[in-house]
Amino acid sequence: MSRVWASPAEKSIPTHALVATSTNVLRRSNTLALLKIFSSASAGKSFTTSELIELSDLTRSTILAVCDDLLAAGWIAESDAGPRVEGTRGRPSRRFALNPGAAHVVGVDLGFSSVTCVVADLLGQIVGRSRRAFHSRPDSPSGSSIGRPRRRRPSTNPSTTPELKPGPS
C-alpha cells in the first residue's frame with residue numbers, strides 16, 4: 001500500500017493525486033517539491049536541512065538524499081555556512097541554494113518589424129538580450145520588407161485556383 005502525504009498548502013489537492021506508485025515516482029515527486037521551494041525563494045536565498053523539513057514536510061533523510069541528487073545534477077549548490085549562532089554546538093548546518101546557471105530560459109518576441117530575444121537564468125536575471133529589426137530586401141521588386149505584407153498575384157494555374165476550371169483538351 002502506498003503512503004499518501006500532503007502539506008497544509010496541498011489539502012485542496014485530491015489525495016489520489018499524491019499516491020506514489022513506485023519509488024521512482026515518489027523520488028521524482030520529492031525532487032519537484034524541493035525544486036519548487038528553491039525556485040520560489042528570493043534570489044540567493046539558501047536553506048538549511050531543518051528549514052527544508054519545515055517547508056516540505058519531508059524527512060531529514062529524504063531531503064538529504066534528494067539534495068545530494070540535485071547537487072550531483074548541478075541544480076543546486078551548497079552555499080557557505082551562515083553566521084554561527086551563539087550557544088550552538090557541532091559543525092554548522094549544510095545550506096543549499098538554487099544554482100542559477102543550471103539552466104536558462106529563452107523568451108522570443110516576434111514583432112511586426114523586429115525580433116527580440118531575451119535569455120535569463122533560473123532566478124530571472126537577464127544574461128543576454130538581442131533585438132534585430134527587419135530591413136528592406138534589395139532583391140525585391142517592390143522593395144518590401146519582411147515585416148510588410150506583400151500583395152499576391154492571382155494564380156493562373158487551374159490546379160491551385162478553385163474558381164478556374166480547365167478548358168476542353
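We use all heavy atoms of the structure for the numbers below, so side chains are in, but hydrogens, waters and symmetry mates are not.
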Engineer: Could you verify whether a donor N or O on one side chain and an acceptor N or O on the other, from Arg131 and Ser114, lie under 3.5 Å apart?
Structural biologist: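 Yes.
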
Engineer: Whether the side chain of Glu51 engages the backbone of Thr48 through a donor-acceptor N/O pair (distance < 3.5 Å, no angle test) should be reported.
Structural biologist: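 Here the side-chain-to-backbone pair exists.
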
Engineer: Under the ring-ring contact (aromatic ring centres under 6.0 Å, His included) rule, collect the residues that match up with Phe96, sequence neighbours excluded.
Structural biologist: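 None.
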
Engineer: Measuring from atom CG of Leu122 to atom CZ of Phe38, what distance do you get when rounded to the nearest 0.5 angstrom?
Structural biologist: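 Between atom CG of Leu122 and atom CZ of Phe38 there are 12.5 Å.
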
Engineer: Within the distance-only criterion (no hydrogens, no angle test), does the side chain of Asn99 pair as donor or acceptor with the backbone N or O of Gly74 below 3.5 angstrom?
Structural biologist: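 Looks like yes, one N/O pair under 3.5 Å.
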
Engineer: Between CZ of Phe47 and CD1 of Ile63, what distance do you get to the nearest 0.5 Å?
Structural biologist: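 One gets 11.0 Å once the value is rounded to the nearest 0.5 Å.
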
Engineer: Give the intermediate values and the outcome of salt bridge (Lys or Arg N to Asp or Glu O under 4.0 Å) for residues Glu78 and Arg94.
Structural biologist: CA-CA 7 Å; Glu78 212 166 336; Arg94 291 172 72 185; 3.0 Å; yes

Engineer: Which pair of non-hydrogen atoms, one from Cys117 and one from Val108, has the smallest distance, and what is that distance?
Structural biologist: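 Closest approach of Cys117 to Val108, heavy atoms only: SG-CG2, 4.0 Å.
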
Engineer: Is the side chain of Ser56 donor-acceptor paired with the backbone N or O of Leu52 at a distance under 3.5 Å, no angle test?
Structural biologist: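 Yes, Ser56 side chain to Leu52 backbone: donor-acceptor pair under 3.5 Å.
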
Engineer: Within this structure, what is the CG-OG1 distance for the pair Leu26 and Thr62, rounded to the nearest 0.5 Å?
Structural biologist: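 Output value for this atom pair is 7.5 Å.
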
Engineer: Whether the side chain of Arg95 engages the backbone of Ser46 through a donor-acceptor N/O pair (distance < 3.5 Å, no angle test) should be reported.
Structural biologist: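 Yes.
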
Engineer: Are Val118 and Leu110 joined in one hydrophobic group, where the rule is that I, L, V, M, F, W and Y side chains link up if heavy atoms are under 4.5 Å apart?
Structural biologist: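 As far as the 4.5 Å side-chain criterion goes, Leu110 and Val118 are not connected within one cluster.
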
Engineer: Which heavy atom of Cys67 sits nearest to which heavy atom of Ile76, and what is that distance?
Structural biologist: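 Smallest interatomic distance, heavy atoms only, reads O-CD1, 3.7 Å.
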
Engineer: Going from OG on Ser61 to CD1 on Ile53, what distance comes out if it is rounded to the nearest 0.5 angstrom?
Structural biologist: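 Going from OG on Ser61 over to CD1 on Ile53, the span is 9.0 Å.
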
Engineer: State, yes or no, whether a side-chain contact exists between Val119 and Ile126 at a heavy-atom distance under 4.5 Å.
Structural biologist: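 No - every pair of side-chain heavy atoms lies 4.5 Å or more apart.
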
Engineer: Taking the side chain as C-beta and beyond, is there a heavy-atom pair between Asp69 and Thr31 under 4.5 Å?
Structural biologist: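 When only atoms from C-beta onward are counted, Thr31 and Asp69 do not touch, as no gap falls below 4.5 Å.
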
Engineer: Which heavy atom of Pro100 sits nearest a heavy atom of Asp121, and at what distance?
Structural biologist: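 Result for this residue pair: O-CB, 3.1 Å.
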
Engineer: State the CG-CG distance between Leu58 and Leu34, to the nearest 0.5 angstrom.
Structural biologist: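 Leu58 CG to Leu34 CG: 6.0 Å, rounded to 0.5 Å.
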
